[in-house]
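Working notes for the structure below.
In what follows, chains carry the letters A, B, and so on, assigned in the order in which the sequence lines appear, proteins first and then strands, with residues in each chain numbered from 1. Everything numeric here is computed off the predicted structure, so don't read it as measured data. Computed from heavy atoms alone, side chains included, the values below leave out hydrogens, waters and symmetry copies.
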Amino acid sequence: MKSKTYILEMFPYPSGNIHMGHVRNYVIGDISARYHKLKGDEVVHPMGWDAFGLPAENAAIQFDTHPQDWTLKNIESMKSQLQKLDLDLDWDRELATCNEDYYRHQQELFVDLFNAGLAYKKDALVNWDPVDQTVLANEQVIDGKGWRTGAPVEKKVLSQWFFKITDYAEELLNDLDGLSLWPEKVKTMQRNWIGKSTGAEINFSIIGAGNSLNIFTTRPDTIYGATFIALSVNHKIVNQLLSQDEIKKIKSDFDKIIDEKDKRGIPLKIKCKHPLLDKELPVYIANFVLDNYGEGAIFGCPAHDDRDYDFAQKYSIPIIKVIECDDKELPFSGDGIVINSPILDGLSKNDAINKIINYFEKNKIGKKSINYKLRDWGVSRQRYWGCPIPVIYYDDGSYRVLDKSELPVVLPYDVNLNGKGNALLGHENWRKLICPKTNQTAYRETDTLDTFVDSSWYYIRFLNNKNNKPFDINDVNRFLPVDKYIGGIEHAILHLLYSRFFMKALRDIYKLNVSEPFKQLFTQGMITHKTYKNDTDWVMPRDVAIKEGNLIDIRSQALVTEGPSEKMSKSKKNVVEPDEILDNYGIDATRIFMISDSPPDRELEWTDEGIQSSKNIINRIERYFQNRQTTINDETIKNVEKYVFEIEKNILNFSLNKCVANIYTLFNKLEKSKVYLGENKISEKILICLFPILPRLSSKIYENLFHKEIVTTTWPDVDKNLLLENKLELPIQINGKFSSTISTKKGYKEDNLLKAVYELDKVKNRLSNKKIRKVINVQDKIINIITD
RNA sequence: GCGCCAGUGGCGGAAUGGUAGACGCACUGGUUUUAGGUACCAGCGGGCAACCGUGGGGGUUCAAGUCCCUCCUGGCGCACCA
C-alpha cells in the first residue's frame, strides 16, 4: 500500500476575498503536496470553508441580505480566486461548515459527547460581549475585552452548555511533550494556558458558624505565616453574608480602580480559625482574588508573597516570617529554611510542603491538590448563524438532548434579523414543537455552538465529506493525524487546543487509534508592506513617488512620510491584491516570491523589487531551456545531482527560502558554464524538482521537451555516489585563524600534503621565525598549524 | 514582573564546532537596446596594507556566529493564576 501524506492548511473564513496571507499559507502547503505526490504518496490535500460566524450576520444586517446567501456567495467568489492560483487541491473533498450535511454530523457528535458525559449544562458566570450580544469563552477574552469587538466584557449569569475539556487537562498537557514537530513556542503557550499547579487544598473553619471554606495554595509550607483570609467578591460565602445591593456596590467600586495593581479589601464580620494554631484570622473580600481560579479564596502570608505583602501593609495586618531570610528581602518568595513553624522548622521548602500535606491529610485539615487554570469550554452562543444545539426544553424547565434519529435540527432560513438578540428566539414556529416522545409542548434550544466547535473536527470530515456518518473509523485510523498542518500562530491556543481535545474525546468514544490531530504544525509568518502617511491619512504605496528627494503623494503632490513595514491591512492601505499580482506577474512568480526572501515561518516583506526579481528568474529559466543543444559534462551532472538533493532536503524541512537559493545557484552555474541540456535525463530531473515550486513553468517546458505530462513522472532518486566529491580545496589555519587553501584530493596523506602546505606563500610568511608545536589534521576537513 | 525567541554587510537572510556573509535585493561601473521596471559582464563588510570583523564582557576548545556564564537591546506570549 502507498504511504499516505495528509497536508492541510487552516481553512479560511469566507469573507469574500483572499488576501496575500492566504496565498502564502496555501503556496507553502501546495509545494509540500506536489512534492509528496511526485514521491508516489497517497496525498490528501483538501480545502473547505469555516462558514458559520458573526460577520455573516453583521453583513446581512448592513447590506440587507441573508447570512446564508452572503456566505455562499462569498464562498463562490473566494473559490474562483483560489482556483486562479491553480493549487493542487482535492476539491472533491470540499465542505462548508454552514451546510446541513456538515453540521448535522456535528449535532451527532454533540449527542455523543453528551452521552459520554463530556457535554453538560450549568448556570455559569460568563463573559458577555455587549457589542456582539453573545457569550465568549475564556480564551476569547483578551485583557478583559472581546477578541473580536474589543468591547469590555461584562459578567453575567446564564445557563450554558459546556464541553468538559478539563477531563483531558492532564493528557493535553502531557501529550505536548510528544509533539516534536510543533514549534516550542506554541507548546509553551498551551502549557501556560492549561496552567497546572501542584499544592494543597486546606480547610479553614469559620468561627461560630458550622461551615468552612476551602483554599488552594501552592505554598502550604508557609501556613504558619498566614495572617488573613481573602475572598473573591463572587465567593459563595460573600453571597450568604451580604445583600445583593452591597455586593453590587463593592463590585462597582472595584471596577473603578484605575491602577490594576492597587489592592483593596473589605473586611467581613466573620473570622476563620487558623488550622494549626490557636489564632483567629480576619476575612476580607479582596479585589485581587480571582473568582475563576482555585477556590476563589486565599490565605494571606504577607512575608512570602508580593501581593499579600502589599495588602498587609495597606491594612496593617501582621507580617510573620516563616522562611529564613533578611528582613530587607521581604516579601521573600524564594526557597529557604522554614522557621517559626512548630512541626516544619529546619526543613527546606519541598520537604516542608511534603510534610505538611501529610499532616493535613492525617488530620483531615486538607489534602494534596492539583489545580488547572484551564476551565471547561463554554460553547453556547446567543447567535443565529451557527450550528443549532440539538436539545429541547419542556415547560417545567427540564430538557432532553435529542436522539440521533431525530437529527438534524435544521437552521431555519426565514428569520428576522434586526441585530438585537438571537433571531432564533423570535422564530416561534421553529422554536416550538410537540415532543414526539412525551407529546408535551417543547421548545428548541436557541443558542448555537461556538464556531470553534466547527473547526475542531473539520480535518476529520474531509476524509469522508459525503459519508452519512460523521466519519469512517478506518479512514480516520489510516489518514490521521494530519502530517503537515500549516497556518497562522494566532490559533496557538484556541483552535489547536480545542481540536486536540476533540480528537481525544472522539478517540475515547469511537475507540480510534489517533490521539493527536496534527503531527507537524507549521506556523507561517505574516506578510508586511511599507506604510506611508500624509498629514491626515494613510497613503497607498503605489501612490507614492520620489520628487526632488522627497516622498510625495502623486495624486495631491503632498509630502508623505514613510513608516515601518507592517502587517498588510486595509486600514493602513498597505495591502496588495492577489488578483492584481497574478495578472501582472503570473502564478509561478507569485509562488516563488512567497517563499523567497525569508524563511516561511518569519515575516515576509512585500516589495516591488522582490516580485519583479521572482519574475526575472522565471524568464531566465525559460530562456535557458530554449537552447536545445546538448553539451553536458560530468561537472554538470554532479551539480544537478547535488541540487536535486538539496532541494528535496529543503522542501522536507520547510526551508523553502533555501530552495529558492538552490534554484538560483543551479541556474547561475548552468548559465555561466554555457552547458545546455536539451532533451536529456538531466533536464528531466531539474524540471521535476522545479515542479512543486514552479508548476506552470516546469510543466510547460517539460511537455515541450518530452511530450508527456510532468505529473506522470516521479521524483528522481539521488545518486549518492555522484555527490561524493573527490577534489578538495582544503582550508589551512594557523593558530586557528584561516590562512589559505590548498588543492588536494580526499584521502590525502598528511605528511605529503604538509610539505606542500609549508611552501604556500601565506603560510610561509606567517610561520617565519616561529616554531611549530603541533599540527591538527581533521582528515578531508581542515589543517590547523599551532605555533609557540 | 514571569516565560520564550532573536541580535550576522545598506536590507532580507546563508553557514552538521572547521574558509563568516551562500542566495536575493539595493547600490557602483561597463556592454546591448530608439527606449526600458529587460538582458549580459564586473564590483560590492571595514582597512592602503599587515590585519580586523557575527550586540558587549568573560569562559570551554587546536578551532566559536554556533557550546557555557553574564550583561545589554529588540520582538512575541502570559500577566494579581495564590
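The distance between atom CD1 of A/Ile732 and atom P of B/A63, rounded to the nearest whole Å, is 17 Å. Between the CZ atom of A/Arg620 and the P atom of B/G37 there is a distance of 19 Å, rounded to whole Å. Atom CD1 of A/Ile595 and atom C1' of B/C23 are 13 Å apart (whole Å). Taking atom NZ on A/Lys530 and atom P on B/C11, their separation rounds to 12 Å, with Å as the unit. One interatomic measurement links the two molecules: CZ of A/Phe738 to C1' of B/A20, which rounds to 11 Å at whole-angstrom precision. Regarding A/His235, its NE2 atom lies at a distance of 17 Å from the P atom of B/A82, rounded to whole Å. For the pair A/Phe593 CZ and B/G13 P, the interatomic distance rounds to 12 Å; values are reported in whole Å.
Using a 4.0 Å heavy-atom distance criterion, A/Tyr664 is classed as a sugar-phosphate-only contact. Counting any heavy atom pair closer than 4.0 Å across all strands shown, A/Thr607 reaches no nucleic acid atom. In this structure, A/Asn668 reaches the sugar-phosphate backbone alone: every heavy-atom distance under 4.0 Å involves primed, P, OP1 or OP2 atoms, never a base. A/Thr218 comes within contact range of the sugar-phosphate backbone alone, with a heavy-atom separation under 4.0 Å but no base atom that close.
Taking only side-chain atoms of A/Ile782, from C-beta outward, the nucleotide of B/G18, B/G13, B/G37 with the closest atom is B/G18. Residue A/Asn784 has its side chain nearest to B/G18 when only B/G18, B/G3, B/G24 are considered.
Heavy-atom nearest nucleotides on RNA chain B were determined for A/Val289 and for A/Ile786, and the one closer to the 5' end corresponds to A/Ile786.
A/Phe311 does not carry A/Lys263 over the face of its six-membered ring by the limits of under 6.0 Å from the centre and within 45° of the normal.
B/G17 and B/G65 are spaced 11 Å apart, taking the C1' atom of each and rounding to whole Å. Using P as the reference atom, B/G29 and B/C23 are 23 Å apart when rounded to the nearest Å.
In this structure, A/Asp221 CG and A/Cys301 SG are separated by 8.5 Å, a value rounded to the nearest 0.5 Å. The distance from the CE atom of A/Met526 to the CD atom of A/Gln524 is 11.0 Å, given to the nearest 0.5 Å.
Counted by atom type alone, A/Thr166 and A/Asp376 present one or more donor-acceptor pairs between their side chains at under 3.5 Å.
Ring orientation note: the planes of A/Phe667 and A/Tyr624 are nearly perpendicular, at an angle over 60° on the 30°/60° scale.
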